[in-house]
Enquirer: 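Pasting in a structure now, in structure tokens, and then I'll have a few things to ask.
Since the model is a prediction, treat every value here as computed from it, not as a measurement. Below, chain A is the first sequence line, B the second, and so on; all start at residue 1.
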Amino acid sequence: MNGKHISKLGLNPKAAALALNVARRQEDLGTSRRDILDALSQVKADPEAYLESDYAELARELLAQTCSQVQRQAGSALRPAPLPYAEFGSALIEPGARSQMDVAMRLPVARAGALMPDAHVGYGLPIGGVLAAENAVIPYGVGVDIGCSMQLSVFGTRPEQLPTAEALSLLRRHTRFGAGVGFERRERLDHPVLDDPAWSEQPLLRHLHDKAAEQIGTSGSGNHFVEFGTFTLQAPEEGLETGTYLALLSHSGSRGFGAQVAGHFTKLAEQRHAALDPAARKLAWLPLDSDEGAAYWQAMTLAGHYALANHQQIHARISRALNEAPLLSVRNSHNLAWKEPLEDSELIVHRKGATPAAAGQLGLIPGSMADPAYLVRGRGYAPALASASHGAGRQLGRNAARAALSKTEVADYLAQRGVTLLGGGIDEAPQAYKRIEDVMAAQSDLVDVLGEFMPKVVRMDSGGQDI
DNA sequence: ATGTTC
């Protein structure tokens, strides 16, 4: 009797090992191979009937496995109806995003949620979705670009002191864009985040360290940008006088590193939740007190720090080239999960395309390549789980935008607003986004607007179609 | 979002 005979029974490794043990014992006692295999099949079919037999050990294990499977299945069952949640700017929110949020609020681990006015359909949790879960972290509740974030630097110079040609040249020389793109070896800058001990604590992170070192200080494709613009304060704020300033605004994330972390743990979560309702497959979670959940949390946290370091380098390069230190620097992550005290316990608050907006917290909400971005201060509005939108939100999908908009229309829009664009596809056209003014009006309980940034010279990835 | 998805 050997493993080959046993493997035909279709047992998992632990049960198969027990089956092999008992089979060998029976063989030694003179039972025929055929009788042993018949007995094993019957034990598998009805373990309860064999709890007092020679096959008891295997029967107990099979029974335990069945129970934990049933338990897992029960633990994965969706609630019959979604928990209630608030949405802001209902007229701006497409039904698909609401349906996705409804599914998220049916998860057994869900405790609270909210939908921001820039909401649109994404994988799993909608973009603009906020979800508080108990002892569970959902990789697709954070999203693919873990730690995607904004940073603003306000300089003491007046905007007209930087001519457009010079701004373009600075962006060309000191920023890099696109999938797979890193800095040339001799141009790379070091950063303490690359020495974080976490890199050596998981094989996946060890493997991704070199890529992260190559790509730090760069921006990706899609909606990532670095832009010079005019920052206006109507009243003194954060140590700055009323007035108009030259400023730099960036939108970037954790690049290939974060994307690979997201992919790895999303797959793992889906495998752990084979019994999950297909409607919620992309919302598969990892228990925070499991090894996998803890590993995701560590990797996610590192990707969040890395993304902020990324912005820091973008701004440091430009700041150095301008020979000017910023008067004010503000940044925030908008794709991440946080541990926050809520409903008398600590919950895992996922913000996927949502700006943290605790009372007093500063944040940045961009409109589009040719619309204003806003410096905001959170109001800690509880029904919104102390969050706000992370931008205007798409009103046209990428394909719809490419089909509906012409290069001329986009060029006209930019010309009217005096915006110069380097790179940027039709799918990122201002007309593909909701009106940021409408989105801001829908979240006046969530944030106060402190200042307005108007883009002037914008760099994005070229994508397939340059305007 | 990412360099091409076991």
Enquirer: Across the strands shown, which category fits A/Gly256 at heavy-atom distances under 4.0 angstrom: base, sugar-phosphate, nothing?
Expert: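 If one applies the 4.0 Å heavy-atom cut-off, A/Gly256 turns out to touch the sugar-phosphate alone, with no base involved.
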Enquirer: Check A/Glu428 with A/Arg398, please: is the shortest side-chain N to carboxylate O separation under 4.0 Å?
Expert: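 Judged by the 4.0 Å cut-off on N to carboxylate O distance, A/Arg398 and A/Glu428 do form a salt bridge.
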Enquirer: Base, sugar-phosphate, or nothing for A/Gly263, non-hydrogen atoms under 4.0 angstrom?
Expert: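 A/Gly263: no heavy atom of the nucleic acid under 4.0 Å.
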Enquirer: Under 3.5 Å, sequence neighbours excluded: what are the donor-acceptor pairs made by side chains of residues 443-451 of chain A?
Expert:
{"unit_1": "A/Gln443", "atom_1": "OE1", "unit_2": "A/Ser389", "atom_2": "N", "d": "2.8"}
{"unit_1": "A/Gln443", "atom_1": "NE2", "unit_2": "A/Ser389", "atom_2": "OG", "d": "3.0"}
{"unit_1": "A/Asp448", "atom_1": "OD1", "unit_2": "A/Arg379", "atom_2": "NH1", "d": "3.1"}

Enquirer: Is the cationic atom of A/Arg459 (NZ for Lys, CZ for Arg) positioned less than 6.0 Å from the six-membered ring centroid of A/Phe225 and within 45 degrees of its normal?
Expert: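 No - A/Arg459 does not lie over the ring of A/Phe225 by the 6.0 Å and 45° rule.
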Enquirer: Quick one: label A/Ser254 by what it contacts on the DNA or RNA (base, sugar-phosphate, nothing), any heavy atom closer than 4.0 Å.
Expert: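 Nothing: the residue A/Ser254, judged by heavy atoms under 4.0 Å, touches no strand.
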Enquirer: I would like to know whether A/Lys339 and A/Glu346 meet salt bridge (Lys or Arg N to Asp or Glu O under 4.0 Å); could you show each step before the answer?
Expert: CA-CA 6 Å; A/Lys339 294 175 182 174; A/Glu346 184 182 80; 5.1 Å; no
Enquirer: Touch check for A/Gln215, heavy atoms < 4.0 angstrom, all strands: base, sugar-phosphate only, or nothing?
Expert: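 Sugar-phosphate, no base atom in range.
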Enquirer: Check the pair A/His334 / A/His251 against ring pair (Phe, Tyr, Trp, His ring centres under 6.0 Å), numbers first and verdict last.
Expert: CA-CA 10 Å; A/His334 54 220; A/His251 180 211; 5.1 Å; yes
Enquirer: Please assess A/Arg185 against A/Glu214 for the test salt bridge (Lys or Arg N to Asp or Glu O under 4.0 Å), listing each intermediate value before the final yes or no.
Expert: CA-CA 7 Å; A/Arg185 189 170 284 276; A/Glu214 272 174 46; 5.8 Å; no
Enquirer: So where does chain A start and stop touching DNA chain B, 5' to 3', when the test is distance under 4.0 Å to a non-hydrogen atom?
Expert: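 Going 5' to 3' along DNA chain B, contacts run B/dA1 to B/dG3.
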Enquirer: Contact class for A/Lys352 vs. all strands (heavy atom < 4.0 Å): base, sugar-phosphate, or nothing?
Expert: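 Touches nothing.
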